[in-house]
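Notes to accompany the following structure.
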Amino acid sequence: GIRGLVAGITYDKTAFELVEIGESDYGSVTANLAEALVSATLASDKDDAGIIVPEGGMVTYFGFEPKAGIADGTYAIKWDKSETEAILDPGSFGGTNDRPVKYAELDLVDGAIIIGDGSGNTTPTTTAPTTTPSTPSTDKLQWSLATVNASEAVDGVIYVDAKVTNAWGS
């Protein structure tokens with residue numbers, strides 16, 4: 001199972017302000033809004049099996065407020081692949097039980113926020129994800145960011161869920 005995680009995203013900071021990073025089915029998290037990162041240390045004991053979150057489980061969520069004057073368009077919300085990792089074994093250093101950190105292979109699927117009808121955005125974006133939660137592309141653990149319409153905002157905040165879309169053993 002997963003014994004720790006770090007998840008980061010990139011987004012258009014001229015169009016949105018990141019105002020919230022939520023909890024995770026993997027456990028209690030530490031959020032860094034300025035860096036768009038979330039982390040969790042779930043288990044450090046070498047005998048702890050870690051946590052396996054089933055398909056549909058929440059990795060975390062990100063809450064955005066659109067900035068004034070935002071144009072209609074589709075704005076990419078992407079995993080920061082240089083910052084996102086799932087830790088299988090946090091390792092130990094020194095002594096007779098010295099062991100390296102081990103990471104799970106992840107398949108990361110990007111998402112988007114749609115403002116208005118989704119057309120007219122001239123800022124660099126990607127299209128909506130080609131891999132959807134119903135069609136995992138690999139046997140790897142897969143985390144997917146949702147594509148949501150701004151009309152789904154709650155009290156002015158647009159929530160982009162990050163969910164497990166291919167769990168181990170599914």
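In this chain, numbering begins with 1 at the start of the sequence shown.
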Nearest heavy-atom neighbours spanning Gln142 and Val109: NE2-CG2, 3.6 Å
Is there a path from Ile114 to Leu145 through hydrophobic residues (I, L, V, M, F, W, Y) whose side chains come within less than 4.5 Å of each other? no
Taking side-chain contact (heavy atoms from CB on, under 4.5 Å) as the test, write out the residues that go with Ile70, two or more places apart. Ala15, Phe16, Pro66, Tyr75, Ile115
With distance as the sole test, does Thr147 use its side chain to make a donor-acceptor pair with the main-chain N or O of Gly111 at under 3.5 Å? no
Gly22 and Thr60 have their tightest heavy-atom pair at O-OG1, 2.6 Å
For Lys81, check salt bridge (Lys or Arg N to Asp or Glu O under 4.0 Å) against everything at least two apart and list the hits. Asp110
Test item: Lys140 side-chain N/O and Asn166 main-chain N/O as donor-acceptor pair under 3.5 Å: no
Taking the side chain as every heavy atom from C-beta outward, state whether Ile2 and Leu141 have any pair of such atoms under 4.5 Å apart. yes
The remaining residues in the hydrophobic cluster of Leu37, counting side-chain heavy-atom contacts under 4.5 Å among Ile, Leu, Val, Met, Phe, Trp and Tyr, are Val6
Do the non-hydrogen side-chain atoms of Leu5 and Trp143 ever get within less than 4.5 Å of each other? yes
Would you say the side-chain atoms of Thr74 pair up with the backbone N or O of Gly118, donor to acceptor, closer than 3.5 Å? yes
Is the closest side-chain heavy-atom distance between Val59 and Val53 below 4.5 Å? no
Mind checking who shares a hydrophobic cluster with Val157, ILVMFWY linked at side-chain heavy-atom distances under 4.5 Å? Val19, Met58, Tyr61, Val154, Tyr159
Closest contact, heavy atoms only, Ser28 versus Ala40: O-CB, 3.4 Å
Ala167 to Glu55 - nearest heavy-atom pair and separation: CB-N, 3.4 Å
Report the distance from atom CG of Leu108 to atom NZ of Lys78, rounding to the nearest 0.5 Å. 13.0 Å
Would you name the heavy atoms of Ala153 and Ile158 that are closest together and state the gap between them? CB-CG1, 3.9 Å
Are side-chain heavy atoms of Tyr11 and Val160 found at a separation under 4.5 Å? no
State, with a plain yes or no, whether a side-chain heavy atom of Ile87 is found less than 4.5 Å away from one of Tyr103. yes
Of all residues at least two apart in sequence or in a different chain, which pass the ring pair (Phe, Tyr, Trp, His ring centres under 6.0 Å) check with Phe62? none
Check: Glu23 and Val29 side chains under 4.5 Å, non-hydrogen atoms: yes
Residue list, side-chain contact (heavy atoms from CB on, under 4.5 Å) with Thr30, at least two apart or on another chain: Ser39
Between the CD1 atom in Ile113 and the CG atom in Asp12, the distance rounded to the nearest 0.5 Å is 10.0 Å
Minimum heavy-atom distance Ile21-Ala31, with the two atoms named: CB-CB, 3.7 Å
